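In what follows, a structure is listed as structure tokens, so that the remarks can point back to it.
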Amino acid sequence: MIPAGQIARLAELYDRYNNALDPVSRDCKEAKLEFDELADSLFATHASDVKFIDFRYELVSRCREYLRKNRA
């Protein structure tokens, strides 16, 4: 189980890199790097018994769901 605060942070990072107007901008690259580092850390802590690709897919799904529910 990933804490809600972690999902919120991941969703923010995901939004910054996935929906960037300039996908080669420094901010976009930094957000992607931070997202990947946090995803790796969470995988090692919470889900090392599943494939990383499956974990990441579920993580991105939760980020998208969070963004749909919390965008103003």
Side-chain angles (χ1 to χ4, degrees):
M1 180 76 175
I2 300 170
Q6 294 276 359
I7 294 294
R9 179 67 183 139
L10 284 161
E12 174 196 340
L13 293 167
Y14 177 78
D15 189 44
R16 278 179 40 205
Y17 84 79
N18 194 58
N19 298 315
L21 295 176
D22 182 2
V24 294
S25 70
R26 182 182 195 136
D27 182 60
C28 179
K29 290 177 184 179
E30 288 174 358
K32 173 76 166 105
L33 179 64
E34 193 173 339
F35 178 92
D36 289 344
E37 288 173 350
L38 187 51
D40 288 342
S41 174
L42 289 169
F43 175 73
T45 305
H46 297 285
S48 60
D49 58 334
V50 299
K51 292 180 183 177
F52 180 75
I53 191 80
D54 295 334
F55 175 78
R56 189 178 189 291
Y57 178 83
E58 183 63 28
L59 199 58
V60 168
S61 295
R62 289 186 186 198
C63 288
R64 289 178 176 166
E65 180 182 344
Y66 177 89
L67 290 169
R68 271 193 304 274
K69 290 180 178 179
N70 294 289
R71 282 196 174 154

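The structure displayed is predicted, hence computed values, not measured ones.
Ionic pairing of Glu12 and Arg9 is present here: one or more N-O contacts between side-chain nitrogen and carboxylate oxygen are shorter than 4.0 angstrom.
With contacts defined as side-chain heavy-atom distances shorter than 4.5 Å, the pair Arg26/Lys29 does not qualify.
Applying the 4.5 Å side-chain rule to ILVMFWY residues, one finds Ile2, Ile7, Leu10, Leu13, Tyr17, Phe35, Leu38, Leu42, Phe43, Val50, Phe52, Phe55, Leu59, Val60, Tyr66, Leu67 in the same cluster as Tyr14.
For the pair Ser61 (side chain) and Tyr57 (backbone), a donor-acceptor distance under 3.5 Å is present.
For the pairing with Glu65, the side chain to side chain donor-acceptor pair (under 3.5 Å) check across Arg62, Lys69, Arg68 returns one residue only, Lys69.
Taking each heavy atom of Pro23 and Cys28 in turn, the nearest pair found is O-SG, 3.5 Å.
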